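Computed from a prediction, not measured in an experiment: that's the story for all the values here.
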Amino acid sequence: MDKTQIDEIKRRVDILEVVGDYVELHKSGKGYRALCPFHSEKTPSFYVMPDRQFYHCFGCGKGGDVISFVMDVEGFSFTEAIELLAKRAGVKVEKRARKDSYPNFSDVLEKALKIYRDYLESPAGEIARRYLVQRNLPKEWWPYFEIGWAPPAWDYLWRSLSRMGISSKIAVECGLVVEGPRGIYDRFRGRIIFPIRDVTGRLVGFGGRSISGEGAKYINTPESPVFHKGSCLYLLNLSKNDMRNKGRAILVEGYMDAIRLHMAGFHETVASLGTALTENQGELLRRYARSCYVCYDADTAGQEAAIRGMYLLQSLGLQVRVVALPANVDPDEFLQKEGSNAFEDLLSKSLPLPLYHLEIREEFLKDLNVRKKVIEELLEGFSRIPLPDLAPFMSQIAAALEIPRYALEAMLLDFKANMKRGTEKKGKRGDFSVYINRQKQQKQKKHVTDAQEAALFSLLWNDPAKRRGLDEEHIFPLIKDVRLKNLIAALLNGESPEELEERWLKSGDRFPLEALALGNAFCQQFDEGVDIFDVISSSLKTKAMKSRYNVLYSKMLKGEATREEIEEMQKIASALKGGREDK
């Protein structure tokens, strides 16, 4: 792809829209702010500046433009980020040919999906079509959810992919086929296919539902370079806007449950692909919603895992409410039998997580043999919730546990303290990841960029006229950061910002874009009409003078200063006092 295409993509894609797919943005001055998607925080320190098309986090230091954002948040290479944004912008880019003819797994998965979709509509797909109609899933909805059918043949898909030039290595790594003693065979044989897309709409895997009763009822794509079950939520790409608009998410377990809720008008629904929720899934929900209505089967075998997952969501800042379904009924069955109004009524009667947990343990609290253990389990769960969020339910919890409220609060604080000590003890015990993170943080602190120096760099970056009329001798003494000096030198020596940016992104050098984002963010504080360059350069000049004065003053105290240095110190003192540099 050439530079013209990259420029066209950046012109067509708004960074606000892209970042808004990952975090909930709120207007703040000239820009927007949000909780950072790159590190855990409770107070927003992540800012997006739409006029400059840059982002910056004052907490972790990450920053850059829309391309670097996609690279960071998705873990993409420069080429993959460009391809994703090009698709979004409607810009056609030429892909470089590779040995296997396909540049990434998602392309191969899209080929497989088309085969599954076509087979469902073929004469041989009659058995699958009858099953879907039996399940009250009308034909007009199949394209919307991209439902397909994997024929029961041993290697139908593999033979089709092979004819397209896709290697067995790629097909196996994608999780589409399995290499066994009898050769290569299709993984999803005789199954209804549900495509799984990530938040951006990129196809990452499949779920398959058996209709013959043989083998596991559901299977998913195995872990692969693009599919990680604990980082996926089924239908999130279709749900995220409704989740953001309504401020809530409805969380179910299975594909059909999520599909049925969407058909009934609850477009904020996603499926977790199991009861064991992960932090990554919780973070995805938190990006778009403030509350989460959990609607798992009433008779789920994984109730303990479900409770742990709900507390995980609550600890991440989501207000969790639990929707109680009738016994032996899943959301799909309930909606088919009772309708959307009845389900809306269930939502309105849903219980906050602490009260739900109390309710399902109510009978056990009456049993003296297990009462103590149950109370400890409840307290451990409650202690994961911030006390302000727990406060509205404290009276009910205290009454149910028959513990005075003041004693309950003390017990919860004690549980929190014990949990914290346990975490710290784990770190002291030699947790290598703790050590590595600490080293990384220390390394980052050593290379913190001065915001004013970064601002000077960003002003030069954004103003060609300023670059042309600037003397290096006037700017370099103001910049201490050698990295910024080199970047400014490249600009002043005639290298264009576009060429520099493309080179940095391709090489993986993140510092220049992060410095630009920091500088742009710093400039946002100034009112229109202010000569920002003059204000910042004057401030840096004063800072440089003070630094030089301190060095000379230290030498004088030690008796090491020469006559010339003492005279220089006096001139600096006079200039600082008079508010100008005495030349």
Side-chain angles (χ1 to χ4, degrees), residues 22-24 35 37 40 42 194 196-199 204-205 207 218-223 227-240 242-244 247-259 261-262 266 268-325 330-332 347 350-357 359-361 377-378 380-386 389-390 419 423:
Y22 296 88
V23 295
E24 187 177 354
L35 293 170
S40 182
K42 292 185 179 178
F194 303 95
I196 303 170
R197 296 186 180 274
D198 68 10
V199 67
V204 295
Y218 282 97
I219 62 170
N220 294 316
T221 295
E223 294 289 303
F227 181 73
H228 306 285
K229 182 179 175 183
S231 299
C232 293
L233 290 168
Y234 179 60
L235 297 186
L236 179 60
N237 60 306
L238 300 178
S239 305
K240 60 188 179 185
D242 284 271
M243 286 165 59
R244 186 187 289 119
R248 76 180 186 190
I250 299 174
L251 182 66
V252 295
E253 280 183 77
Y255 301 104
M256 285 303 299
D257 294 331
I259 286 172
L261 277 160
H262 273 255
F266 298 95
E268 68 274 29
T269 304
V270 291
S272 59
L273 312 181
T275 55
L277 287 165
T278 68
E279 188 169 343
N280 285 337
Q281 290 172 318
E283 291 289 356
L284 283 172
L285 290 167
R286 189 174 66 92
R287 288 178 190 175
Y288 303 103
R290 294 182 296 276
S291 61
C292 181
Y293 288 71
V294 181
C295 186
Y296 286 167
D297 299 1
D299 61 342
T300 179
Q303 190 179 76
E304 299 304 318
I307 289 290
R308 285 195 299 273
M310 292 179 208
Y311 276 114
L312 173 62
L313 298 183
Q314 188 88 38
S315 70
L316 291 172
L318 285 158
Q319 296 301 313
V320 177
R321 300 186 69 91
V322 186
V323 182
L325 289 162
D330 61 29
D332 178 23
L347 292 177
S350 62
L351 290 174
L353 174 57
L355 300 187
Y356 170 78
H357 199 181
E359 184 176 275
I360 63 174
R361 294 291 182 262
E377 177 209 321
L378 289 166
E380 183 182 355
F382 298 155
S383 66
R384 297 179 185 277
I385 301 175
D389 293 342
L390 196 62
M419 287 171 64
T423 304

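- S272 and Y234 form no side-chain donor-acceptor contact under 3.5 Å, judged by distance and modelled atom types alone.
- Side-chain atoms of V323 and L347, non-hydrogen and from C-beta on, do get closer than 4.5 Å to each other.
- Residues Y293 and V320 have side chains not in contact (no heavy-atom distance under 4.5 Å, counting atoms from C-beta outward).
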Might you work through the salt bridge (charged side-chain N to carboxylate O under 4.0 Å, His left out) test for E268 and R248, ending with a clear yes or no?
CA-CA 7 Å; E268 68 274 29; R248 76 180 186 190; 2.8 Å; yes

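- Counting only distance, with no hydrogens or angles, the side chain of R287 and the backbone of V23 share no donor-acceptor pair below 3.5 Å.
- Using a 4.5 Å heavy-atom cutoff, the side chains of L285 and L313 are in contact.
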After noting the C-alpha distance and the side-chain angles of I307 and Y356, does the key distance pass the side chain to side chain contact (heavy atoms under 4.5 Å, CB included) rule?
CA-CA 10 Å; I307 289 290; Y356 170 78; 3.8 Å; yes

Passes side chain to side chain contact (heavy atoms under 4.5 Å, CB included), L233 versus V199? Steps please.
CA-CA 8 Å; L233 290 168; V199 67; over 6 Å; no

E377 and R361: salt bridge (charged side-chain N to carboxylate O under 4.0 Å, His left out), yes or no, with the steps?
CA-CA 10 Å; E377 177 209 321; R361 294 291 182 262; 3.1 Å; yes

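- In terms of heavy-atom proximity, A258 sits nearest to A271 at CB-CB, 4.0 Å.
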Using the side chain to side chain contact (heavy atoms under 4.5 Å, CB included) rule, take D198 and L236 through it: C-alpha gap first, then chi angles, then the decisive distance, then the call.
CA-CA 7 Å; D198 68 10; L236 179 60; over 6 Å; no

Before you tell me yes or no, could you show the steps for R290 and E24 under salt bridge (charged side-chain N to carboxylate O under 4.0 Å, His left out), namely the whole-Å CA-CA distance, both residues' side-chain angles and the distance that decides it to 0.1 Å?
CA-CA 10 Å; R290 294 182 296 276; E24 187 177 354; 3.4 Å; yes

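- For the pair F194 and I259, the minimum side-chain heavy-atom distance is below 4.5 Å.
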Side chain to side chain contact (heavy atoms under 4.5 Å, CB included) for M243 and V270? Distances and angles first, verdict last.
CA-CA 10 Å; M243 286 165 59; V270 291; 4.2 Å; yes

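- In this structure, T278 contributes its side chain and G230 its backbone to a donor-acceptor pair below 3.5 Å.
- With respect to the salt-bridge test (charged N to carboxylate O, under 4.0 angstrom), the residues R384 and E380 qualify.
- A distance of 14.0 Å separates NZ in K229 from CG in N280, rounded to the nearest 0.5 Å.
- A 4.5 Å side-chain heavy-atom check between L261 and I250 finds at least one atom pair inside the cut-off.
- Judged by distance alone, the side chain of S239 and the main-chain N or O of T269 form a donor-acceptor pair under 3.5 Å.
- Between atom CG of residue L273 and atom CD1 of residue I196 there is a gap of 5.0 Å, rounded to the nearest 0.5 Å.
- No side-chain heavy atom of I385 sits less than 4.5 Å from a side-chain heavy atom of S315.
- Here the straight-line distance linking atom NE2 of H357 with atom CG of L353 works out to 7.5 Å at 0.5 Å rounding.
- Between Y218 and Y255, the angle of the ring planes lies from 30° to 60°, which puts this pair in the tilted group.
- In terms of heavy atoms, C232 sits closest to Q281 at O-NE2, 2.9 Å.
- Closest heavy-atom contact between P331 and V252: CG-CG1, 4.1 Å.
- L277 contributes atom CG, which lies 14.0 Å from atom OH of Y311 (distance to the nearest 0.5 angstrom).
- Atom CD of E279 has 12 or fewer neighbouring heavy atoms from other residues, nucleotides or ligands inside a 6.0 Å radius.
- Residues C295 and L325 have side chains in contact (heavy-atom distance under 4.5 Å, counting atoms from C-beta outward).
- Residues L238 and H262 are in side-chain contact: their nearest non-hydrogen atoms beyond the backbone lie under 4.5 Å apart.
- Checked by atom type and distance alone, the side chain of D257 pairs as donor or acceptor with a backbone atom of D332 at under 3.5 Å.
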